[in-house]
Amino acid sequence: MNDDHERFRPASTRVSPRFAGVPTFLRLPQHDDPADVDVLICGAPFDGGTTYRPGARFGPRGVRTASALTRGFHPDTRVDVFSALRCADGGDVGCIPMDLDRSLAAIEERALSIAQAQACPIFVGGDHTISLAPLRALSKVFGPLGLVHFDAHSDTFGPAWDVDVHHGTVFRHALEEGLLRARDVVQIGIRGPFTSPDDLDYARSAGFRIIGMDEIREDIAAVERHIEALSECGPFYVSFDMDAVDPVFAPGTGTPVPGGLNSYEALRLVRACRHVKIVGGDAVEISPDHDPSGNTTLLAATLIAELLAAIGYRRGEPDTTC
Ligand SMILES: [Mn+2]
């Protein structure tokens with residue numbers, strides 16, 4: 001471990017207790033320059049693409065506070081995250097509450113600068129619209145991306161009130177813009193109720209692999225193997241919408257749907273991404289004001305730590321063809 005790894009890890013609890021200090025993601029140092037780190041975690045506090053209840057603009061702030069309880073050693077994969085990866089809190093992107101285009105442009109610019117510095121951007125949303133920005137940026141660097149997408153919704157729907165870019169259309173736009181390798185898109189946790197029988201037609205005809213709750217509950221190990229098998233397929237983005245999780249465990253989200261993943265299943269399936277070449281990711285639709293228990297932000301923070309452990313694990317593996 002060199003000096004850089006000492007600089008870019010959470011503050012020692014012997015120096016500063018977990019409940020003290022200005023909150024940052026995972027108690028990491030705040031640091032703007034992606035050239036110095038392997039992973040830069042940034043807030044994208046924008047919820048202007050929301051179609052139901054707003055509040056995800058407060059996600060980054062809530063996750064920073066809740067993430068004080070995360071730690072760096074993963075007992076199952078034996079990854080010492082902050083020895084494997086230099087990580088920092090890159091602050092929040094300057095989003096504009098009532099301007100979707102300028103907000104997405106600002107997030108894209110930040111994502112591009114991180115990827116061009118050969119670091120991995122992770123964004124904490126924000127509603128799901130924000131994912132379009134890093135996909136645009138990362139595809140400029142890596143070409144079309146594979147996608148592991150956790151969500152109750154496919155987010156490949158049509159316009160709402162004649163507005164075509166909102167949090168339910170992100171992955172349709174991503175495909176139409178050529179940002180995705182359709183055969184390497186997996187959507188996990190998708191469930192109804194739907195508005196019409198053809199709600200998933202776009203995703204299905206695009207070739208996305210849709211994994212619903214029955215499939216997960218009946219054989220989660222097979223779902224893990226499916227994710228692990230993606231490892232031969234090139235660079236991937238991982239997008240986690242908190243409404244993939246059942247509202248019993250994560251009520252603090254904009255469009256809750258009962259019948260979803262429990263916390264354990266969510267963490268286990270993110271862990272399954274550890275063989276995949278992850279070049280960026282996000283956790284979105286975290287709306288702290290709708291969950292006074294704080295369980296949603298704690299789970300979101302834990303999922304981000306799990307994602308970091310997956311990235312750290314892959315870095316320790318011999319490089320594959322991709
Ligand atoms: Mn979504």
Side-chain angles (χ1 to χ4, degrees), residues 44-60 63 100 103-104 107 122-136 145 147-160 163-177 179-180 185-195 199-200 202-204 206 208-213 216 236-247 249-261 266 269-270 273 280-288 290-291 296-297 299-300 303-304 307:
F46 177 80
D47 61 12
T50 305
T51 54
Y52 193 57
R53 62 183 187 189
R57 67 181 64 181
F58 298 108
V63 171
L100 196 153
S103 296
L104 288 185
I107 299 164
I122 294 179
F123 289 95
V124 180
D127 74 52
H128 219 151
T129 322
I130 70 107
S131 301
L132 195 52
L135 289 172
R136 285 171 174 162
L145 303 161
L147 174 70
V148 183
H149 170 208
F150 297 87
D151 206 322
H153 314 88
S154 173
D155 292 357
T156 52
F157 305 123
V163 177
D164 200 22
V165 178
H166 61 79
H167 71 160
T169 64
V170 175
F171 299 111
R172 175 170 59 80
H173 283 285
L175 189 67
E176 287 170 359
E177 292 179 25
L179 315 180
L180 296 176
V185 175
V186 185
Q187 301 190 299
I188 299 168
I190 309 302
R191 55 192 186 274
F194 299 119
T195 307
D199 271 15
L200 295 180
Y202 184 91
R204 288 202 179 103
F208 294 179
R209 174 78 164 88
I210 298 172
I211 298 178
M213 288 307 304
I216 294 164
F236 273 79
Y237 190 83
V238 177
S239 185
F240 199 104
D241 185 322
M242 283 309 289
D243 67 32
V245 179
D246 193 280
F249 301 93
T253 194
T255 320
V257 184
L261 300 169
L269 292 175
V270 170
C273 299
D282 61 50
V284 298
E285 301 284 353
I286 304 149
S287 192
H290 294 107
D291 179 9
T296 308
T297 47
L299 178 57
L303 287 163
I304 292 162
L307 184 60

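Please read these numbers as outputs of a predicted model, since none were measured by experiment. Side chains are part of it too, since the values below use all heavy atoms of this structure and drop only hydrogens, waters and symmetry mates. Numbering of ligands and ligand atoms starts at 1, following listing order.
Side-chain polar atoms of Asp151 and His128 form a donor-acceptor pair below 3.5 angstrom. With hydrogens and angles left out, the side-chain atoms of Ser287 and His290 include a donor and acceptor closer than 3.5 Å. Between the side chains of Glu285 and Thr253, not a single donor N or O lies within less than 3.5 Å of an accepting N or O. Checking Ser131 against Asp282 by side-chain atom types alone, a donor-acceptor pair falls below 3.5 Å.
For the Mn ion (ligand 1), the count of nearby protein N/O/S atoms, taking only those under 2.8 Å, is 4.
Between the side chain of His149 and the backbone N or O of Phe171 there is no donor-acceptor pair closer than 3.5 Å.
For the pairing with His167, the side chain to side chain donor-acceptor pair (under 3.5 Å) check across Asp155, Thr51, Asp241 returns one residue only, Thr51.
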